[in-house]
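In what follows, a structure is listed as structure tokens, so that the remarks can point back to it.
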Amino acid sequence: MFIKNNNTRAALIALLALGSAAAWPRVAAAETVLRIGMTAADIPRTLGQPDQGFEGNRFTGLTMYDALTSWDLSSADKASVVIPGLATEWKVDDADKTKWTFKLRPGVTFHDGSPFNADAVVWNVEKVLKQDAPQFDASQVGVTASRMPTLASAKKIDDMTVELTTKEPDSFLPINLTNLFMASPAKWQSFYDKAEGADAKAKSQAAWTAFARSASGTGPWKMASFTPRERLELVKNASYWNKARVPKVDKMVLLPMPEANARTAALLSGQVDWVEAPAPDALPELKQRGFKLYSNEQPHVWPWQFSRVEGSPWNDIRVRKAANLCVDREGLRDGLLAGLMVPASGTFEPGHPWRGNPTFQIKYDKAAAQKLMQEAGYGPNKKLTVKTQTSASGSGQMQPLPMNEYLQQALAECYFDVQLDVIEWNTLFTNWRRGAKDPSANGSHATNVTYAAMDPFFALVRFLQSGMAPPVSNNWGFINNPKFDELVKKARQTFDPAARDAALAELHAASVDDAAFLYVAHDVGPRAMSPKVTGVVQPKSWFIDFSPVSIAQ
């Protein structure tokens, strides 16, 4: 369906390489430097709670910061699971399932030398939850509170123990806390004390702005220099508390490169050592020239999320099912994406404990799709116009423009007239939290924001529970299905892992049977890098650990 002009791409790569080579500084031979081309158009926020979706967490969250709980990213074969981070253990109260006790890791210090302790945990919880706290920052709330919506408060028990309270019993809390990164209260306070401003709120904003330019977390990487929209330089934290994860290279340089051909050009010309999501049609050339390619199936879904507000064409289940049956996912994989995807028949595939047994089988069946559309009143002479908001690049978006053009052509054969509203990635991500009713949707009937499926809340709850509609979380389309709400409550309040998995499987099956999304692909996180780069472990995760990576000079 899509034919690339390889001569044109090659010319572009050569032009980009020649045009920008002079802009890249030489590095001293004694210093090992890893340079990475990101898909983001800007450096994700560095103040502790990144933007730019989970690409932000990957590059400016998990590098400079730690959370109470962490993801195990050490294996390419096993599923990534939650492990202790800055908390060594945790337990829900037997008598009151809204209270959790977390024991903290002793001997940890922030990059500025101040101690990590229970006071620091309470301070970081309150920076996004307590509006009258001096350090409260509304700009960090949207990318944090929406990922842990039941967390209500934190209380110090002693220096190394905190009690966290949720609004309702929530067995997902330890997983959600992987998103709350611990910034240094002492470093922030030093900026606040020197800040100028008409009032405490203005001083707080000034302090956070200054903190973002000179960040301090507890992570394996420390900020060295930062130029917005251009580069972020991180250096290894030689005194990191986990000696097994002290970085192997001296410096890591992060560079925004939102266009796939530009990233590929930079790699081929030696301007960078590593790129996220290389141009698929460049893979043969990359392999031929000895570059390493990494990919692994990720818990990450590339969908259309439907609007279910009054008047939306997706309120008809026949239309939702028709769209799911009209896409040749294998053709998309084997053609446009050069094998770099896994076809999606739901958020989870067979074999996953949360898959369940849906009765609606998502597959390519154009005749069945056309029949459903005709039953809904559409046909060759009466197309259904649907508008989808998407981005030109971005975190986990894979190759959004050509993929959406593929869908546009495929769905046209089932009597859809697809219109695309293409905007910048971070704007799309912000609009995602505002919802289909907000003017930012620009009349769209669907949004194309990829989502991580590592845990129950991210994978299912934030989209399917009616109470997660904006501004609370990411139920962009305002789904309101009592069955979903009942199953969410059942899963959230089940603390036995096996029983909880069974409830989640029931919820997932119900969402597939309702054709809640247009499920298209699972990302495989393709990366290409210089043969000089070694020690890479590509986990079954949206994240990756840069600490074990080495590079030869």
Side-chain angles (χ1 to χ4, degrees), residues 54 69 71-72 78-83 90 92 97-98 100 146-151 166-179 297-303 305-306 308 324 342 344-362 449-469 472-477 479-519 522-523 540-543:
F54 270 2
T69 55
W71 292 104
D72 183 356
K78 300 175 183 177
S80 182
V81 296
V82 170
I83 58 174
W90 51 89
V92 68
K97 292 290 196 284
T98 67
W100 293 76
S146 64
R147 295 170 175 171
M148 48 181 204
T150 65
L151 183 60
T166 56
K167 300 170 187 175
E168 61 183 271
D170 186 359
S171 63
F172 308 156
L173 181 68
I175 307 173
N176 298 163
L177 290 173
T178 59
N179 301 285
E297 183 177 350
Q298 297 180 334
H300 200 266
V301 186
W302 195 101
Q305 188 174 352
F306 298 134
R308 300 299 301 277
N324 273 286
V342 173
S345 63
T347 296
F348 307 107
E349 298 307 311
H352 193 284
W354 302 340
R355 167 71 179 186
N357 298 296
T359 57
F360 176 51
Q361 300 300 309
I362 294 176
V449 179
T450 58
Y451 63 91
M454 299 174 293
D455 70 72
F457 178 73
F458 278 13
L460 299 169
V461 174
R462 60 178 172 158
F463 306 123
L464 302 177
Q465 187 179 25
S466 60
M468 293 295 106
V472 176
S473 195
N474 298 118
N475 183 357
W476 178 88
I479 288 174
N480 188 358
N481 186 321
K483 183 177 181 180
F484 292 168
D485 289 347
E486 176 187 341
L487 291 171
V488 166
K489 182 178 180 180
K490 179 180 178 181
R492 181 173 263 154
Q493 297 187 6
T494 301
F495 289 82
D496 174 72
R500 184 188 64 189
D501 286 354
L504 290 167
E506 193 178 352
L507 174 62
H508 177 253
S511 69
V512 172
D513 287 342
D514 195 56
F517 283 12
L518 172 53
Y519 304 96
H522 298 289
D523 197 359
K540 291 179 177 293
S541 172
W542 176 235
F543 304 121

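Here, residue 1 is the first one in the sequence, and each next residue gets the next number. The figures here come from the full heavy-atom set of this structure, side chains too, leaving out hydrogens, waters and symmetry mates.
When all heavy atoms are compared, the tightest approach of Ala499 to Asp496 is N-OD2, 2.9 Å. Scanning both residues, Ala453 and Phe348, for their nearest heavy atoms gives O-CE2, 3.6 Å. The two residues Met468 and Val472 have their closest heavy-atom pair at CE-CG1, 3.8 Å. Nearest heavy-atom pair, Ala516 versus Ile479, reported as atom, atom and distance to 0.1 Å: CB-CD1, 4.5 Å. Between Lys167 and Pro149 the shortest heavy-atom distance is NZ-O, 3.2 Å. Trp476 approaches Gln305 most closely through the heavy-atom pair N-NE2, 3.3 Å.
Atoms CG and CZ, on Leu177 and Phe172 in that order, are 13.5 Å from each other to the nearest 0.5 Å. Here the straight-line distance linking atom CG of Leu173 with atom CG of Leu151 works out to 6.0 Å at 0.5 Å rounding. For the atom pair Trp100 CH2 and Ser171 OG, the distance stands at 7.0 Å (nearest 0.5 Å). Taking NE2 of His522 as the reference point, atom CD of Gln298 lies at 11.5 Å (rounded to 0.5 Å).
Asp170 is linked by a salt bridge (charged side-chain N to carboxylate O under 4.0 Å, His left out) to Arg492, counting only residues two or more places apart in sequence or in another chain.
Asn179 places a side-chain N or O within 3.5 Å of a backbone atom of Asn176 that can act as its donor or acceptor partner. Within the 3.5 Å criterion, the main-chain N or O of Ser466 finds a donor-acceptor partner in the side chain of Asp485. The backbone N or O of Thr178 lies less than 3.5 Å from a partner atom in the side chain of Thr69, making a donor-acceptor pair. With hydrogens and angles ignored, the 3.5 Å screen pairs a side-chain donor or acceptor of Asn475 with a backbone N or O of Gln465. Within the 3.5 Å criterion, the main-chain N or O of Val301 finds no donor-acceptor partner in the side chain of Thr450.
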Mind running side chain to side chain contact (heavy atoms under 4.5 Å, CB included) on Arg355 and Glu349 for me, showing each step along the way?
-> CA-CA 6 Å; Arg355 167 71 179 186; Glu349 298 307 311; 4.2 Å; yes
List the steps and the verdict of side chain to side chain contact (heavy atoms under 4.5 Å, CB included) for Val488 and Phe457.
-> CA-CA 9 Å; Val488 166; Phe457 178 73; over 6 Å; no
Criterion side chain to side chain contact (heavy atoms under 4.5 Å, CB included) on Asp514 and Phe484, from CA distance to verdict = CA-CA 10 Å; Asp514 195 56; Phe484 292 168; 3.9 Å; yes
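Partner of Leu487 under the side chain to side chain contact (heavy atoms under 4.5 Å, CB included) criterion, out of Val461, Leu507, Leu460: Leu507 alone.
For an aromatic pair to be called close, the ring centres must be under 6.0 Å apart, and His508 with Trp354 fails this.
Contact annotation: the side chain of Val81 never approaches that of Trp71 to less than 4.5 Å [non-hydrogen atoms, C-beta and beyond]. Within the 4.5 Å cutoff, the side chain of Thr98 has heavy atoms near those of the Pro169 side chain. Put simply, the side chain of Asp523 does not reach to within 4.5 Å of the side chain of Trp302, judged on heavy atoms. Side-chain contact check for Ser541 versus Phe54: every heavy-atom pair is 4.5 Å or farther apart. Residues Asn481 and Leu464 fail the side-chain proximity criterion, which asks for heavy atoms closer than 4.5 Å. Looking at Phe463 and Thr347, their side chains never come closer than 4.5 Å, going by heavy atoms from C-beta outward.
Taking a 6.0 Å sphere around NZ of Lys489, one finds it holds 12 or fewer heavy atoms contributed by other residues, nucleotides or ligands.
The aromatic rings of Tyr451 and Phe517 lie perpendicular to each other, with more than 60° between the two planes, well past the 30° mark.
No salt bridge links Lys483 with Asp513; every basic N to acidic carboxylate O contact stays at or beyond 4.0 Å.
Both the sub-6.0 Å distance and the 45° axial angle are satisfied by Arg462 relative to the ring of Phe458.
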